[in-house]
Amino acid sequence: MAAIELRNIVKVFSDKRRGRDLLTLDNINLDIEANDFVCLLGPSGCGKSTLLNIIAGFEQATSGRTLVDGKQVERPGSDRGVVFQQPTLMPWLTAIDNIAFHLKLKGVAKAERYDRAMEFIDLVGLRGFEHHHPSEMSGGMNQRVGIARALLMNPSVILMDEPFAALDAQTKLEMQEELVAIWQKRRCTIVFVTHSVDEALVLGNKIVVMTRRPGRIREAVNFDLPRPRDITSPEFNDAKRHILALIREESTRLAQAS
Amino acid sequence: MTSVTDVSPARPAFRLTRAFWGIERLVVPALLIAGWEAFARSGMLPPALLPAPSAVLHALGDWVFGFDETTQSYSGHWLRDALASALRVFGGFALASLFGILAGVAIGWSRLFEKTLEPTLQMLRPIPPVSWIPLAIIWFGIADKPAIFLVFLGAFFPVLMNSIHGVKTVDHNLVRAGAMMGANSRQMLTDIVLPAALPSIFAGLRIAVGSAWMLTVTAEMVAVKSGLGYVLWDSYYFLRYDIVLAAMISIGLLGYLSDLGLKAIMARTLRWQQTTTVQGRAG
């Protein structure tokens, strides 16, 4: 049984102001195995974030079935950790309180909450900043808190929606390396949405290329280049050429259609 | 190579500005009072119509400490009068805060309350609180109750409006994050929506405390026989404009102090906000 099963997912947004419907996801079928690091790759507006939101339970598919660990997704829940594009931390809580927020909601006593959160503070390298508020930290540090917050729930899958898009190039590289290290250490299933071919190739062992709206799956590429990955190696560039060709094919097809 | 961190030449200028910022609050009031005193002493208006600041200060001093009975029956009774007003302010404001926040959060969060409760409240809102005075007197008589009722009416709506706004403008991604971490609907309200709405709720409370003082004084002029507003209106009948002005100053001072207190509570509660706001940087 796959960790995540998407069956015939269709999503139509009704644009009430313009009185028309917008087909965003068109019959998506995808199986994601446990401990996979899957990158959903596609241009802006292809519905990749919508697909992630459907798995997270934030949005409902118009039709189709979404199963996580064999259970139908109906609402958001702590079995699926989400890392948002913006850190989306509670601004009134310190780093450690944000990370331990899930435990607070479960009624765990403060001493134990802090005890368990410290492990994740260390994991994302934020020791010394545990009592800082989000406004006192950089974007990269806040995003680390967001990742630690999702990991602490020990979810079966982690859903990430372009979490590094707002970071500068250098911080982005560091965060990508750290994320891979965390994934290797903790063996969890990650679905990572991105529009960057390089990012997908650095991170994923399965890259799902999506088409422009309406979003369909163009091809799911398995990519098992050993890590750490050398982005200048011939294998890396072969894969990149292949994916870029898929994307280019897509835009030529669109240009001819119009 | 010279050190770029050497700032010693700038020091004396820095000290001067510091000294200036210590007294800058006093510059405008001092000029106003000096001008007023000079005008009052020039004799262009009879002293009974425009008492000089010195005369007002004298009246205020006697009202507070009762040293020479210039203020006759009020002499030495300031604390009693101020306390009477302050208790009405506090009573009405506390009730308004409680019900304003409760109703505001309910309306902001729940469609049901928005549809059932809000239209009625919004219809009551444009009615000036003072127009309730006749009804307040026949319902509650002449005592503390009509004043507290008026203060409640004046303070309730700013708290209500800002609480609704605060809840309605909570970032929906925070709500999503809460749901992702397993918050139930009660926790969503108490642990996410309420703290996120606090800055807006505090803005409402600060407007409300100002309205509370205004309405206490209004009520005391008409419906109550004690407090600063009553002294103000009573002195007007006896042509004691020095006491009228002393009462006005007392009200202004107490209103300012209540706002200062509220601001201090707000600064403590919203400490997390301080580094990101203009207010935080200035303080």
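Order of the sequence lines fixes the chain letters, A, B, ..., with proteins taken first and strands second; residue numbering starts at 1 for each chain.
- For chain B, the nearby part of A:E59 is the side chain; its heavy atoms alone come within less than 4.5 Å.
- Of the atoms belonging to A:H133, it is side-chain heavy atoms, and not backbone ones, that fall under 4.5 Å from chain B.
- A:Q170 CD: 12 or fewer foreign heavy atoms inside a 6.0 Å radius.
- Residues A:F58 and B:R176 approach most closely at CE2-O, 3.5 Å, considering heavy atoms.
- Crowding of A:H132 atom NE2: a count of heavy atoms from other residues, nucleotides or ligands under 6.0 Å exceeding 12.
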Evaluate B:M180 against A:M153 for side-chain contact (heavy atoms from CB on, under 4.5 Å), listing each step before the verdict.
CA-CA 10 Å; B:M180 179 267 289; A:M153 306 193 298; 3.2 Å; yes
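- Remark: A:Y114 OH is packed, more than 12 non-hydrogen atoms of other residues, nucleotides or ligands lying under 6.0 Å away.
- Annotation: maximal heavy-atom pairing with chain B below 4.5 Å, among A:K104, A:R75, A:M90, A:R80, occurs at A:M90.
- The CG atom of A:L105 sits 4.5 Å away from atom CD of B:Q187, with the distance rounded to the nearest 0.5 Å.
- In this structure, A:R187 places its CZ atom where more than 12 heavy-atom neighbours from other residues, nucleotides or ligands lie under 6.0 Å away.
- Within a 6.0 Å sphere centred on NZ of B:K145, heavy atoms belonging to other residues, nucleotides or ligands number 12 at most.
- With A:S135 contributing its side chain and B:W272 its backbone, the two residues share a donor-acceptor pair below 3.5 Å.
- Both the backbone and the side chain of B:I192 come within contact range of chain A, judged by heavy atoms closer than 4.5 Å.
- Taking a 6.0 Å sphere around CD of B:E114, one finds it holds more than 12 heavy atoms contributed by other residues, nucleotides or ligands.
- For chain B, the nearby part of A:N53 is the side chain; its heavy atoms alone come within less than 4.5 Å.
- When all heavy atoms of A:P91 and B:L174 are compared, the closest pair comes out as CD-CD1, 4.2 Å.
- For a residue to count as touching a neighbouring chain, one of its non-hydrogen atoms must lie under 4.5 Å from one of that chain's; by this rule A:L159 does not touch chain B.
- In this structure, B:F99 places its CZ atom where only 12 or fewer heavy-atom neighbours from other residues, nucleotides or ligands lie under 6.0 Å away.
- Residues B:P195 and A:W92 approach most closely at CB-CE2, 3.3 Å, considering heavy atoms.
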